[in-house]
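Heads up: the structure comes next, in structure tokens.
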Amino acid sequence: MDKSAYPYHGGRLRWHSSLAKLTFWSFVFIGIIFIFFRFHSDPSRRSLRTSSWGGPAWEKKVQTSARIRSRNGFSVLVTGAAGFVGTHVSAALKRRGDGVLGLDNFNDYYDPTLKRARQELLERSGVFIVEGDINDAALLKKLFQVVPFTHVMHLAAQAGVRYAMQNPSSYVHSNVAGFVSLLEVCKEATSQPAIVWASSSSVYGLNTKVPFSEKDKTDQPASLYAATKKAGEEIAHTYNHIYGLSLTGLRFFTVYGPWGRPDMAYFFFTKDILNGKSIPIFEGENHGTVARDFTYIDDIVKGCLGALDTAQKSTGSGGKKKGPAQLRVFNLGNTSPVPVTNLVTILERILKVKAKRNVMKLPRNGDVQFTHANISLAHRELGYKPTTDLQAGLKKFVRWYLNYYSAAGKKADAR
Ligand SMILES: O=C(O)[C@H]1O[C@H](OP(=O)(O)OP(=O)(O)OC[C@H]2O[C@@H](n3ccc(=O)[nH]c3=O)[C@H](O)[C@@H]2O)[C@H](O)[C@@H](O)[C@@H]1O
């Protein structure tokens, strides 16, 4: 057929096809822009996205959750309440009659489904978690207007040692800026709360003298994570000095257990062993042992409660210091380091599956070769005495893991 005999028809076809092309390329363009903003946006901004808050119904929920139900009980704001340690501490405080209000930004550093499941667990025991970021000063101020918190258990943080190389700004955002934002609001309160917060064993960095003691220097952090926790300790000193805030930092040593963090080795080793995947096991120079002072969550919770119970009142009010206030730092470890290879052997025994071990040199990714806590100070001052060894604690973890991931058909979306 001679196409030129039908010029109009041919033009229409051409017009249709160019319209289709235009539409197609517009979608591609919009898609690229969407992907760009989804994956390249500043993580700090991403986590600042908060759900709506405020209004009489919301305030009532906040007040009810924070209401003290025991004699001499506390009213505690728990930041990072949907996190691993935050969930356990919130539940324990609630159980003994303290008022507890949670705050969490539910970011996607690891599977947020797990955080939502922890939230459900807490909600069933009467703990409400406000969805918001510690950098949101307006939200924090509002919370302090609604509830005169006696204590803040500050556990919100960007955790994980190795991830700091991938997303450094998230550490500065949460562990430095977020901490300052929280302290700013606390110091302004008419009745300043006492603050207990999570530092880390990683502040001991490249130290070689063991066990690590609070008296040791902490000026050789091996990761940005450790550096931000160390910065937190210095910031705590400043706010204590200028504003009279009572501050207690707890140096946690590799905390593990049920409802744990999927980015941690014991957790994803379990997942990978069960899936027949090989696991990378780090070793030091000349096949040197890499070991951790793994500490069971229930022991850590007891340490946290001990710290809250012995925290003295802040002395300032409305941003003005009235006198010297308490400033403390404690190691909370198990004080019996276990080589990572032994951790794997224990998991093999519990899971009844042989691991595919891929032993490799400790990468330069922020990891240190060993940790070991001296806990005599915490024992003396907080009555802290860990009672769970790694074998017993991992058994409890595996029981929870199998139950959690089989029960709801949930996928162990560990990393
Ligand atoms: O105690 C602490 O301060 C820190 O404890 C953990 O950090 P880490 O001890 O490095 O815990 P994991 O990431 O679970 O690693 C445990 C051990 O397994 C080793 N590992 C890790 C990953 C891997 O692929 N292979 C491997 O052998 C690490 O070198 C380390 O010795 C937490 O992730 C930090 O948030 C916390 O602050």
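Remember, it's 1-based here, ligands and their atoms both numbered in the order they're listed. Since the model is a prediction, treat every value here as computed from it, not as a measurement.
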Hey, is CD on E285 packed in by over 12 heavy atoms from elsewhere, all under 6.0 Å?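 Not more than 12 within 6.0 Å, no.
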Other residues, nucleotides, ligands: >12 heavy atoms within 6.0 Å of K60 NZ: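 At most 12 heavy atoms, drawn from other residues, nucleotides or ligands, come within 6.0 Å of this atom.
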Evaluate K187 against K321 for side-chain contact (heavy atoms from CB on, under 4.5 Å), listing each step before the verdict. CA-CA 9 Å; K187 79 144 213 252; K321 182 179 179 176; over 6 Å; no
List the atom of I134, the atom of L140, and the distance in Å for their closest heavy-atom pair.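 Residues I134 and L140, closest heavy atoms: O-CD1, 3.2 Å.
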Smallest heavy-atom separation, L402 atom then L274 atom, equals CD2-CD1, 3.9 Å
State the atoms of ligand 1, each with its element, that fall below the 4.0 Å cut-off from a heavy-atom position in [X].
X: S202; result: 3 (O)
X: I281; result: 27 (O)
X: S200; result: 2 (C), 3 (O), 37 (O)
X: F252; result: 1 (O), 2 (C), 3 (O)
X: V290; result: 29 (O), 31 (O)
X: F268; result: 22 (C), 23 (C), 24 (O)
X: F253; result: 1 (O)
X: T254; result: 1 (O), 2 (C), 5 (O), 9 (O), 11 (O)

Have a look at W259 and tell me which of Y401, F84, W400 forms a ring-ring contact (aromatic ring centres under 6.0 Å, His included) with it.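 Testing W259 for a ring-ring contact (aromatic ring centres under 6.0 Å, His included) against Y401, F84, W400 leaves exactly one candidate, W400.
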Taking the inter-plane angle between the rings of F253 and F212 on a 0 to 90° scale, is it parallel (under 30°), tilted (30 to 60°) or perpendicular (over 60°)? tilted
So which of [options] gets nearest to [atom], if we judge by its closest heavy atom?
atom: atom 17 (C) of ligand 1; options: V340, I279, L332, T295; answer: V340
atom: atom 8 (P) of ligand 1; options: R357, Q158, R292, R251; answer: R292
atom: atom 35 (O) of ligand 1; options: R261, K229, M264; answer: R261
atom: atom 24 (O) of ligand 1; options: A157, P280, S199; answer: P280

Record the part of [X] in heavy-atom contact with ligand 1 below 4.0 Å; permitted values are side chain, backbone, both and neither.
X: D367; answer: side chain
X: F282; answer: both
X: Y225; answer: side chain
X: Y163; answer: neither
X: R162; answer: side chain

When you measure from the centre of the six-membered ring of Y171, is the NZ or CZ of K229 closer than 6.0 Å and no more than 45° off the axis? no
Checking side-chain hydrogen bond (donor to acceptor under 3.5 Å, both in side chains) for the pair Y204/D216: CA distance, chi angles, key distance, verdict? CA-CA 8 Å; Y204 291 108; D216 298 341; 5.7 Å; no
Using the salt bridge (charged side-chain N to carboxylate O under 4.0 Å, His left out) rule, take E233 and R251 through it: C-alpha gap first, then chi angles, then the decisive distance, then the call. CA-CA 10 Å; E233 293 189 356; R251 294 176 178 166; 2.7 Å; yes
Cationic N near anionic O, under 4.0 Å, E131 to R116: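 So E131 pairs with R116 through a salt bridge.
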side-chain hydrogen bond (donor to acceptor under 3.5 Å, both in side chains) for Y163 and N167? Distances and angles first, verdict last. CA-CA 6 Å; Y163 181 66; N167 191 354; 2.9 Å; yes
Hey, does G160 come in under 3.5 Å of ligand 1, counting only N/O atoms on both sides? yes
Under 3.5 Å, N or O to N or O, is A265 touching ligand 1 that way? yes
Does ligand 1 have any atom sitting under 4.0 Å from a heavy atom of F269? yes
